[in-house]
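All figures in this text were calculated on a predicted structure; none of them were measured in a lab.
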Amino acid sequence: MALPALVAFGLPPVAANAVSRVALVPGAVAGAWVYRHELVPVGPASTKALTATSVMGGGVGAALLLVLPASSFDAAVPWLLAFATVILASGRRLSRALSSALGRSAGMSSQAVLIGQFFLAVYGGYFGGAVGILMLALWHIGLGLDAAVSNPMRITQLAAIYLSATVLFLMASDALSAPLLLAVMLVGALAGGFAGAHLARRLPAWLLRGLLLATAVLTTVLYFLRG
């Protein structure tokens, strides 16, 4: 959890939030590069439209961070993560139940996918806590996408969100006020993003799905403990 660690080092919350977001960019971009040939469209929305939406939402979220209190989402985040974790754990059953209730296959329209992605991207640019888990949960319950299959797109959209937020943070925040901490985090994120994406590509789908769920559970527990 980079944000509380940076605050513990003495950075103000907004600066710590900006630094943590900037530091995540290399890892997300490296992972997106590794996965560039394995992207599966998110329902009827095109990859270009989804990425453009992520870029816009990430920029809006970053702008909000610079003018609103950084703690605004603190109380809601653990519950959002708990909800997302439950969906990831039981998404297939929920999707079947939803399809049965509707009398047809559950499926979000292109507009619904993009609207949902925009709000998640705003959250990602503003606070960002486990936004990737929330993305997987939305796509899982709304479109029936398997978490392992949609993981490459998750990494790509995280890169789009973080990149747009980073541009604004570098221009208008104190993200460069702790250059040593930022440099260490950048190196670690780049190595982790590149190695992690290569490792994930070699894992069986069931194991990758299990690791994603375990990460969601652990992240949720840690956020509740922090709160």
Side-chain angles (χ1 to χ4, degrees), residues 18 20-66 80 84 87-88 91 95 98 104-172 186 189-190 192-194 196-198 200-201 205 208-209 212 216:
S20 66
R21 210 70 45 75
V22 173
L24 291 171
V25 170
V29 171
W33 174 258
V34 172
Y35 277 130
R36 65 192 184 280
H37 298 307
E38 301 172 36
L39 299 180
V40 174
V42 178
S46 70
T47 299
K48 288 183 178 180
L50 193 72
T51 304
T53 300
S54 294
V55 169
M56 288 187 291
V60 171
L64 289 175
L65 176 63
L66 297 175
L80 286 172
I87 288 178
L88 285 179
S95 185
L98 183 59
R104 57 178 175 80
S105 298
M108 299 167 67
S109 67
S110 177
Q111 291 83 356
V113 171
L114 296 179
I115 290 171
Q117 187 65 22
F118 177 77
F119 283 108
L120 286 178
V122 170
Y123 165 78
Y126 182 89
F127 186 84
V131 63
I133 294 173
L134 296 174
M135 261 191 267
L136 290 178
L138 174 66
W139 301 342
H140 197 31
I141 190 64
L143 296 164
L145 285 180
D146 183 84
V149 173
S150 56
N151 191 53
M153 184 62 82
R154 174 184 73 96
I155 299 295
T156 301
Q157 296 312 309
L158 285 176
I161 293 169
Y162 294 153
L163 274 172
S164 64
T166 291
V167 171
L168 190 55
F169 287 149
L170 290 177
M171 292 190 301
L186 286 170
L190 180 59
F194 190 79
H198 275 291
R201 292 176 68 202
L208 178 58
R209 194 180 303 114
L212 290 169

Quick one: does [X]'s side chain get under 4.5 Å of [Y]'s, heavy atoms only?
X	Y	answer
Leu163	Val55	no
Leu136	Ser150	yes
Tyr162	Val131	yes

Enter the distance from [X]:[atom1] to [Y]:[atom2] here, rounded to the nearest 0.5 Å.
X	Y	atom1	atom2	value
Ile115	Leu120	CD1	CG	12.0 Å
Ile161	Gln117	CD1	CD	5.5 Å
Leu143	Leu138	CG	CG	7.0 Å
Met135	Leu145	CE	CG	13.0 Å
Leu134	Arg154	CG	CZ	11.0 Å
Leu50	Leu39	CG	CG	10.0 Å

At their closest point, which heavy atom of [X] faces which heavy atom of [Y], and how far apart are they?
X	Y	result
Phe118	Met56	CE1-C, 4.2 Å
Pro44	Ser110	CG-N, 3.3 Å
Ala45	Val113	CB-CG1, 3.8 Å
Ala160	Ser54	CB-CB, 3.9 Å
Ala165	Gly58	CB-O, 3.8 Å

Main chain of Ala49, side chain of Ser46: is a donor-acceptor contact present, judged purely on distance under 3.5 Å?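 Yes, the answer is positive, given that a donor and an acceptor are paired below the 3.5 Å cut-off.
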
